[in-house]
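Here's the structure, in structure tokens; my notes come after.
Note that ligands are numbered from 1 as they come in the structure, with each ligand's atoms numbered from 1 the same way.
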Amino acid sequence: MQPFEEMARLGHEQVVLCRNDDVKLRAIIAVHDTTLGPSLGGCRLYDYASEADALRDVLRLSRGMTYKAAVAGLDLGGGKAVIIGDPSIKSEALFRAFGRHVQALGGRYITAEDMNTNVEDMNYIRRETAFVTGTGMHYQGSGDPSPVTAWGVFHGIRACLEVVYGSSDVAGKKVAIQGVGNVGFHLARFLHESGARLVYSDINHRNIKKAMELYGGEVVEGDDFFKSDCDVLAPCAIGGIVNKNTIPMIRAPIIAGGANNVLEDEEADSQRLGQSSITYAPDYVINAGGLMSVHAELRGHPHEKAMSDAENVFNTVKRVLHKAQAEGVSTITASNRLAEERIEAVARLSRLRV
Ligand code: NAD
């Protein structure tokens, strides 16, 4: 990969390599676009097979954050960080060293939790910089964002039901949730409280048991999740599960869940979904509640503000689905266009002298 060419192709502003040999820190921070505000995105700790893989991941993920914040209507740009290393070897010093690099960017990048990093790690980073979110209560942090994410997903599901069935009423509708972890569990609660019927699929049987005891429902294993005779498939576990092999099995008219990167191949799979008349709520639109949670934290807004922002995912998902219909494009293309239109409109404002 030619880094500068790749940055130009994806539209990145800045990529920073960070190292500290004493604590074996090797990290990359990517600032994609700061038109709408400081770049924000999680810090992922992962044992990448190569530095090129790490760079590819951070470039892709940071660009995704720009689109996510833009469609969510937040005054944030897109950024992301990856620490290259074994997730089982974490230390205070590692995260504090990373925090010093974040501080050196002077607020152009704000970090948060991501894969293999948690509140405790953010607390270490907070000792070196204020440009971190998702810290614990001790730092007036917003803590676990998953209830807000699930609240947004719940309202995104309602929007899909309205567009597909003509009513956003969840009562009596059957929703199959893959992954009853942090997001999936809260989603199950919101759906249950609104009278939905639930189906669960999870490799962790303890998580299923807990949800079954509290909210009832059925359990399916493996590929039976895709074949489930339900109204909505809600992927809330891992990415890449909707692909050329699974799409032919899907009977639900709607896919709307909290997981990131649900489509294995964005372009080809959105075409396949269109051909099968399956409505797909783009992942980064419907799961923006977590970002809204940290945005509220940054602005010093109460938790209720994050929840009301997440409720607005209903309107955003509807806008995306209507735009896709009106312009004859996939829902992913429609949401990408919405993001680009907002960024361009705000960029044009800078011509206005004040
Ligand atoms: P989590 O680890 O708490 O839960 C994931 C659940 O999925 C677990 O119960 C796990 O056992 C299950 N699972 C893993 N692989 C599976 C498989 N192959 N089949 C069935 N179940 C499987 O994670 P989470 O925080 O709930 O996040 C879930 C997804 O939502 C991820 O893709 C994450 O990136 C995305 N997301 C989360 C948030 C958030 O606020 N937590 C925000 C935005 C997006």
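- Contact annotation: the side chain of M115 never approaches that of L45 to less than 4.5 Å [non-hydrogen atoms, C-beta and beyond].
- Of all protein heavy atoms, the one lying nearest to atom 33 (C) of ligand 1 is N260 ND2, 3.9 Å.
- Both the sub-6.0 Å distance and the 45° axial angle are satisfied by K173 relative to the ring of Y165.
- With respect to atom 43 (C) of ligand 1, the closest heavy atom belonging to the protein is N287 O, 3.7 Å.
- At least one N or O atom of N182 sits closer than 3.5 Å to an N or O atom of ligand 1.
- Note: the hydrophobic cluster containing I157 does not contain F226 (ILVMFWY, side chain heavy atoms under 4.5 Å, direct or indirect links).
- For atom 4 (O) of ligand 1, the nearest non-hydrogen atom of the protein is G181 CA, 3.3 Å.
- Considering backbone and side-chain atoms alike, G184 places every N or O at 3.5 Å or more from each N or O of ligand 1.
- Counting heavy atoms under 4.0 Å from ligand 1, residue N207 touches it through the side chain alone.
- Residue, atom and distance of the protein heavy atom nearest to atom 27 (O) of ligand 1 are V183 CG2, 4.0 Å.
- For the pair N20 and R100, the minimum side-chain heavy-atom distance is 4.5 Å or more.
- When ring centroids are compared, Y215 and Y200 stay outside the 6.0 Å threshold.
- Looking only at protein heavy atoms, the nearest one to atom 31 (C) of ligand 1 is A237 O, 3.2 Å.
- With hydrogens left out, the protein atom closest to atom 15 (N) of ligand 1 is I203 CD1, 3.5 Å, a heavy atom.
- Between L214 and R189 there is no side-chain heavy-atom pair separated by less than 4.5 Å.
- Atom-to-atom distance recorded for S335:OG and R337:CZ is 10.5 Å, nearest 0.5 angstrom.
- Of all the heavy atoms in A150 and V183, the pair that sits closest is CB-O, 3.6 Å.
- A heavy-atom separation below 4.0 Å is not found between G239 and ligand 1.
- For ligand 1, the atoms sitting less than 4.0 Å from at least one non-hydrogen atom of A259 are 29 (C), 30 (O), 32 (O), 35 (C), numbered in the order shown with element in parentheses.
- Geometrically, ligand 1 and I238 share no nitrogen or oxygen pair separated by less than 3.5 Å.
- Between H155 and R158, the closest side-chain pair of non-hydrogen atoms falls below 4.5 Å.
- Only the backbone of C236 comes within 4.0 Å of ligand 1, counting heavy atoms alone; no side-chain atom from C-beta on gets that close.
- Remark: the N260 side chain and the N287 side chain contain an N/O donor-acceptor pair separated by less than 3.5 Å.
- Numbered from 1 in the order shown, with element, the atoms of ligand 1 that lie under 4.0 Å from a heavy atom of P145 read 40 (O).
- If you check which protein heavy atom lies closest to atom 8 (C) of ligand 1, you get D202 OD2, 3.6 Å.
- Numbered from 1 in the order shown, with element, the atoms of ligand 1 that lie under 4.0 Å from a heavy atom of G258 read 30 (O), 35 (C), 36 (N), 44 (C).
- The S146 neighbourhood of ligand 1 comprises atoms 40 (O), 41 (N), with distances under 4.0 Å to a heavy atom of that residue.
- Proximity of atom 2 (O) of ligand 1 to the protein is not indicated, since no non-hydrogen protein atom lies closer than 4.0 angstrom.
- Atoms of ligand 1 lying under 4.0 Å from at least one heavy atom of N204, given by number and element, are 11 (O).
- The protein reaches atom 36 (N) of ligand 1 closely, with a heavy atom under 4.0 angstrom from it.
- Contact annotation: for Q178 versus ligand 1, heavy atoms closer than 4.0 Å belong to the side chain alone.
- Contacts of T149 with ligand 1, taken as heavy-atom pairs under 4.0 Å, involve the side chain alone.
- Considering H101, R19, R96 as possible partners of L25, the one that fulfils the side chain to side chain contact (heavy atoms under 4.5 Å, CB included) test is H101.
- At a threshold of 4.5 Å between side-chain heavy atoms, the hydrophobic network of Ile, Leu, Val, Met, Phe, Trp and Tyr places L105 and L94 in one connected group.
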Distance-only donor-acceptor hits, side chain of residues 314-321, under 3.5 Å, sequence neighbours excluded:
{"unit_1": "N315", "atom_1": "ND2", "unit_2": "N312", "atom_2": "OD1", "d": "2.7"}
{"unit_1": "T316", "atom_1": "OG1", "unit_2": "N312", "atom_2": "O", "d": "3.2"}
{"unit_1": "K318", "atom_1": "NZ", "unit_2": "E162", "atom_2": "OE2", "d": "2.8"}

